[in-house]
Amino acid sequence: MAAASASLTIAAMNTSTTTSTSSALPRIAVLATGGTIAGAAPDATNTSGYQAGVVGVGQLLAAVPSLATVANVQAEQVASVDSKDMALALWTTLSQRVDTLLASGEIDGVVITHGTDTLEETAYLLHLTVKSSKPVVLTAAMRPSSALSADGPLNLLNAVTVAGSAQAKGQGVLVAFNNRIHSARDVVKTSTYAVDAFHSPEIGALGWVQDGRVEFQRAVVRPHTTATPFAIASIGAQWPDVEVVTSYAGASRVAVDALVAAGVKGIVVAGTGNGSIHATLQTALAEAAAKGVAIVRSSRVGSGHVMRNGAASDDALGFVTAGTLNPYKARVLLMLALASGHTTPAALQNVFDTY
Ligand code: ASP
């Protein structure tokens with residue numbers, strides 16, 4: 001898909017009430033950040049050569065007049081980025097803005113429109129850092145707003161409907177996409193082009209929203225939002241430097257040695273199978289662990305969990321395992337854990353076993 005400008009625009013908070021207000025309806029803030037849902041292509045059948053994040057939130061809302069029947073919506077253009085260019089500074093801005101809105105007493109829930117590429121990372125970051133039990137729902141689209149059969153308008157309507165529902169309270173951050181409701185912890189993008197692009201492998205969706213009816217089939221079990229010790233404010237301007245490396249046939253130690261020399265605080269390895277690691281790469285990672293770099297084993301497979309001491313001697317090597325988190329979500333948790341002062345393998349394993 002065509003790239004938008006790599007420059008990050010955090011626009012001035014531009015608040016506009018876009019629906020007539022009704023006191024019976026929930027008050028939902030829509031925070032727009034860009035992505036394909038705000039993308040535009042030269043013609044209606046073009047779903048690959050478009051620019052992401054160029055359509056403003058006012059136009060996105062105007063395309064869904066029935067929003068006025070489900071919520072009193074106010075909108076803000078927080079950023080206009082292709083989410084492949086998501087920046088840690090924008091995560092900080094977003095998390096703090098969500099907290100401010102939900103603490104105000106004038107907002108019942110938040111919807112965030114986002115690109116699909118890094119949606120699962122932003123969603124999990126917010127799931128761990130937002131300090132409110134009010135609903136926070138991310139949504140996106142696989143087709144630009146200009147496309148014939150664009151999926152953004154219905155995804156947006158469903159996300160606002162979920163954010164305004166009583167059942168969504170206390171469930172942590174949610175993703176409403178293609179009629180399903182997923183937990184931010186479990187959901188991943190699983191397709192490059194399909195409209196049904198998000199799934200929660202092995203675990204499944206929490207529920208669905210169909211024709212305006214929100215139905216949850218299960219609840220989120222692990223602690224999130226108000227029940228975590230992670231605070232975005234404690235991170236400050238400098239996020240701990242954590243990188244991801246991958247294991248594969250013939251893997252070398254070049255990347256790990258370069259990262260250690262650059263002073264990274266943590267490395268997540270996307271291992272083969274049950275987080276198994278090529279011997280050459282494993283030796284380099286064990287040496288990095290001995291120097292105090294946090295090493296987390298995850299899997300590149302895409303579903304299933306990585307079991308401690310299953311494919312490597314984690315105790316002897318000083319490694320931590322990621323459980324069901326994919327490498328990119330494991331990186332989010334590792335950054336937050338390191339920023340909160342968890343540095344030993346035992347303390348970090350406890351964090352990964354808990355959140
Ligand atoms: N590159 C786009 C983005 O992540 C893709 C999308 O939104 O579907 O912003």
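Values below: every heavy atom of this structure, side chains too, minus hydrogens, waters and symmetry copies. Read the numbers this way: they start at 1 and go in the same order the structure lists the ligands and their atoms.
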Participant: Ring centres under 6.0 Å, that's the criterion: do Tyr328 and Tyr124 meet it?
Facilitator: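 Aromatic pair excluded; centres sit 6.0 Å or further apart.
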Participant: Between ligand 1 and Thr36, is the shortest N or O to N or O distance under 3.5 Å?
Facilitator: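 The answer is yes, given that Thr36 and ligand 1 share an N or O pair closer than 3.5 Å.
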Participant: For the residue pair Thr122 and Met86, what are the closest heavy atoms and their distance?
Facilitator: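 For Thr122 versus Met86, the nearest heavy atoms are OG1-CG, 4.1 Å.
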Participant: Looking at ligand 1, does any of its N/O atoms fall within less than 3.5 Å of an N/O of Ser83?
Facilitator: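 Yes: some nitrogen or oxygen of Ser83 is under 3.5 Å from one in ligand 1.
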Participant: Is the closest N or O pair between Asp82 and ligand 1 shorter than 3.5 Å?
Facilitator: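 Yes: some nitrogen or oxygen of Asp82 is under 3.5 Å from one in ligand 1.
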Participant: Are Arg218 and Asp186 close enough for a salt bridge, meaning some N to O gap below 4.0 Å?
Facilitator: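 Answer for the salt bridge query: yes.
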Participant: Looking at ligand 1, does any of its N/O atoms fall within less than 3.5 Å of an N/O of Ala141?
Facilitator: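 Right, the criterion is met.
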Participant: Less than 3.5 Å apart, any donor N or O on the side chain of Thr93 or Gln96 sitting next to an acceptor on the other?
Facilitator: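 There is no such pair between these side chains.
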Participant: Side chains of Leu281 and Val269: does their closest heavy-atom pair fall under 4.5 Å?
Facilitator: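 Yes, close enough: below the 4.5 Å cut-off.
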Participant: Do ligand 1 and Thr118 have nitrogen or oxygen atoms that lie under 3.5 Å from each other?
Facilitator: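 Not met; the criterion fails.
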